[in-house]
Amino acid sequence: MEVFRRAILQPGPPESFALQTVQQVIKPQKQTKLVQDENQLLENIFRTLLQELVSSAVQSGEQIMQYGQSIDDGETTQGHIPRLLDIVLYLCENEHIEGGMIFQLLEDLTEMSTMRNCKDVFGYIESKQDILGKPELFARGKLVMLRTCNQLLRRLSKANDVVFCGRILMFLAHFFPLSERSAVNIKGVFNTSNETKYEKDPPDGISIDFNFYKTFWSLQEHFCNPPSLTLAPTKWKKFTSGLMVVLNTFEAQPLSDEEGDANSLEEEAANFSIKYLTSSKLMGLELKDPSFRRHILVQCLILFDYLKAPGKSEKDLPSDSMKEEIKSCEERVKKLLEMTPPKGENFLHKIEHILEREKNWVWWKRDGCPAFEKQPAEKKVVQEGAKKRRPRWRMGNKELSQLWKWADQNPNALTDPQRVRTPAITDYWKPLADDMDPAAGIEAEYHHKNNRVYCWKGLRFSARQDLEGFSRFTEFGIEGVVPLELLTPEERSKYQAKPNDKSKRVKKEETKGAAHQVEENQIATAANEIDGEGIRAVLEASVTPTDTDATVATGDMSQGGSPIPDEHQKQSSDTDVGQEAGQMEADAEVEAGMIDGGMDTEVDLDPVG
């Protein structure tokens, strides 16, 4: 032990003499690393030496972290205890001794020190935070450090040592990783033991409404246990009725800018108290304090944010009527915060930002606190000439497989009415209309018209919703499809057809139609004439033998002979054929007249007779 006492007084860094001192005292079996028994022996020596140094500092009346401090040549040397801790920390860091030894010494030091000295001890711990947090030391002493900090928090006053408590909590937040489950309230249990005591009976000579006083402080019972509001409807009604009374009072007694400036919040922050006094005699003064009002209103926003937080079970979710009441109360609370001086609007924006960030932590806890730290991906060396195996996806490609997997995790994804929504034609073409505006100054290479998928979808929308705009595609291209009401007057004039152009186009189409009709009529007339000539040739061929037969029959009758019945029948049939041929010829001429110029009412029908 005397060897270490002399080592503490040696100048220079610990690495110049620490290991040689340990080897001189212990005489280890190995040169640089101690075995278990040797570590235990050395730990007992260090703990005994630390206890003696603390006892000497107390007897001398000095602060334990400044005990043995001296000034040589204008430079202040370290105290004995910080010097001893530096030597042990160096040995632990370089794995010459067991890594948890430094944590054990720090725990012993805080237990032997008063709260005033503990602030100096904790300052040393904060200064060595980076070294203590190294993996080789953290794994050995994290539980000891957590126990040390929790013991300090138990010894501190939550009302008088708020700043020191905050330092300890901030150290733990930096010392432990984010995914450390020991620092996370997984079940979301509230501290219901934080009871706010207030007067139940009205004292004599009180100048305020005692019913309002009781109503005001009774809200704290609900703030410390928010889940009880959703489980018991009667408690919710009691809370809302009491909150309405408080909000009405705040609105009826607004604070002026002078009152806000009189209560300097910056000066008050130095003497911040975690709880307010609940005496009824102070009620009137507290209502005029802007920080007091903000304290209550922020509590309301935290409560509403908890009730609206997603991921709860069905029994913990608020009903529809509760949701409407929460929304209306939240709007009133935010309006009051904005009206509370000084810089009420700025203060409200900061609170909203904090509550928005808090939702990320809520989701992280309800997902099981997954680790934030990710190990770097190892680069696999691909051998030259080896074939890369293409990944196989369940649904054919990566995007569809991820979408299908996401739908399995969230069954309502495919039934959500907002999942697929066809936009209006004006909303879809608005980006391209902005590109076409010369005042926007967008370069041509960044225009949406260069995106083929965008143009293809737009043409489909226009074909269904805007046929007039779709018809302009052939003349003006994709920019002509954009609805005219989205364009500037100068751009609209380029794609809007003039009235004269419309009339010329109509006349041109009518002229083409008339010429086409005349051409069809001429073709039909020529075809009918050819058909008529063929019919006449057939009829003449059939009429010639009939005339011959008639001549023969007449000669026979002039010789005094009587005709034979067969010949008579033949003559009558030939006559009928002639009449039919004449009728067909007349019909053909009438039809030809209808095609050439319509029906001629003066057609001569005498040949038929």
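- Contact record, C224 with P226: C-CD, 3.7 Å, taken as the closest heavy-atom pair.
- Crowding of N360 atom CG: a count of heavy atoms from other residues, nucleotides or ligands under 6.0 Å exceeding 12.
- Here T240 contributes atom OG1 and I326 contributes atom CD1; the two are 10.0 Å apart, rounded to the nearest 0.5 Å.
- Ring centers of F216 and F292: under 6.0 Å apart, within the cut-off.
- In this structure the side chain of T148 reaches within 4.5 angstrom of the side chain of V144, judged on heavy atoms.
- Here the closest non-hydrogen pair linking F103 and L137 is CE1-O, 3.4 Å.
- Judged by the 6.0 Å and 45° rule, K237 forms no cation-pi pair with F239.
- For F171, the ring pair (Phe, Tyr, Trp, His ring centres under 6.0 Å) partners are F122, F175, not counting sequence neighbours.
- Relative ring orientation between W361 and W364 is described as perpendicular, the plane-to-plane angle rising above 60° on a 0-90° scale split at 30° and 60°.
- For A433 against V482, the heavy-atom pair with the smallest separation is CB-CG1, 4.0 Å.
- Taking 4.5 Å as the limit, every side-chain heavy atom of Y124 sits out of range of all side-chain heavy atoms of D120.
- By the 4.5 Å heavy-atom criterion applied to side chains, T230 and W236 are not counted as neighbours.
- Side-chain N or O atoms of Y213 include one that pairs as donor or acceptor with a backbone N or O of T278 at under 3.5 Å.
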Item checked: Worked verdict on M112 versus L50 for side chain to side chain contact (heavy atoms under 4.5 Å, CB included) -> CA-CA 10 Å; M112 292 185 291; L50 179 64; 4.0 Å; yes
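- At distances below 3.5 Å, not a single donor-acceptor pair connects side-chain atoms of D437 with backbone N or O atoms of L432.
- Here the side chains of L307 and K323 are not in contact, with every heavy-atom distance at 4.5 Å or above.
- In this model, a donor atom of one side chain and an acceptor atom of the other lie less than 3.5 Å apart for E199 and S280.
- Neither side chain, Y306 nor K308, offers a donor N or O lying under 3.5 Å from an acceptor on the other.
- Under the 3.5 Å distance criterion, with hydrogens and angles disregarded, no donor-acceptor pair is assigned to the side chains of Q220 and E195.
- Using a 4.0 Å cut-off between charged side-chain N and carboxylate O, D161 and R155 make no salt bridge.
- The two residues F304 and L243 make their nearest non-hydrogen contact at CZ-CD2, 3.7 Å.
- Judged by distance alone, with hydrogens and angles left aside, the side-chain atoms of H80 form no donor-acceptor pair with the main-chain N or O of L53 at under 3.5 Å.
- Ion pairing between E286 and R293 fails under the 4.0 Å rule for side-chain N and carboxylate O.
- For Y428, the ring pair (Phe, Tyr, Trp, His ring centres under 6.0 Å) partners at least two apart in sequence or on another chain are Y454, F461.
- Applying the ring-ring contact (aromatic ring centres under 6.0 Å, His included) test to residues at least two apart or on different chains, none of the pairs has a partner in residues 140-161.
- Of the possible donor and acceptor atoms, none in the side chain of Q63 sits under 3.5 Å from a partner among the backbone N and O of M65.
- Counting heavy atoms from C-beta outward, I64 and L109 have side chains that approach closer than 4.5 Å.
- Side-chain contact of D108 with Q51: a donor-acceptor pair under 3.5 Å is absent, judged by distance alone.
- Taking CE of M145 as the reference point, atom CG of N150 lies at 11.5 Å (rounded to 0.5 Å).
- Atom CD1 of residue I168 and atom CD1 of residue I125 lie 9.0 Å apart, to the nearest 0.5 angstrom.
- Partners of N225 under the side-chain contact (heavy atoms from CB on, under 4.5 Å) rule, at least two apart in sequence or in another chain, are T192, P227, S228.
- For the atom pair CD1 (I97) and CD1 (I87), the distance works out to 10.5 Å, reported to the nearest 0.5 Å.
- When the shell of 6.0 Å around NZ of K238 is examined, it contains 12 or fewer heavy atoms from other residues, nucleotides or ligands.
- By the side-chain contact (heavy atoms from CB on, under 4.5 Å) test, K430 pairs with D434, L486, sequence neighbours left out.
- We find that E330 and K334 are joined by a salt bridge, their nearest charged nitrogen and carboxylate oxygen being less than 4.0 Å apart.
- R332 and N248 form a side-chain donor-acceptor contact under 3.5 Å, judged by distance and modelled atom types alone.
- For the residue pair C92 and G99, the shortest heavy atom distance occurs at SG-O, 4.0 Å.
- Atom CG of L106 is separated from atom CE of M101 by 12.5 Å, given to the nearest 0.5 angstrom.
- Residues V298 and I351 have side chains in contact (heavy-atom distance under 4.5 Å, counting atoms from C-beta outward).
- Within 6.0 Å of CE in M115 there are more than 12 heavy atoms belonging to other residues, nucleotides or ligands.
- Across all non-hydrogen atoms, the minimal contact from C300 to V333 is CB-CG2, 4.1 Å.
- In this structure, the separation between CG on L287 and CG on L255 is 9.0 Å, given to the nearest 0.5 Å.
- Applying the ring-ring contact (aromatic ring centres under 6.0 Å, His included) test to every pair with at least one member in residues 323-350, sequence neighbours left out, gives no pairs at all.
- A salt bridge is defined here as a Lys NZ or Arg NE, NH1 or NH2 lying under 4.0 Å from an Asp or Glu carboxylate O, and E43 with R47 meets this definition.
- At a threshold of 4.5 Å between non-hydrogen side-chain atoms, the residues E324 and K327 do not count as touching.
- Remark: side-chain polar atoms of Y276 are not paired, donor with acceptor, to backbone N or O of H295 under 3.5 angstrom.
- Residues L297 and L247 form a side-chain contact, since some pair of their non-hydrogen atoms from C-beta on lies under 4.5 Å apart.
- Enclosure of atom NZ in K128 by more than 12 non-hydrogen atoms of other residues, nucleotides or ligands within 6.0 angstrom is indicated.
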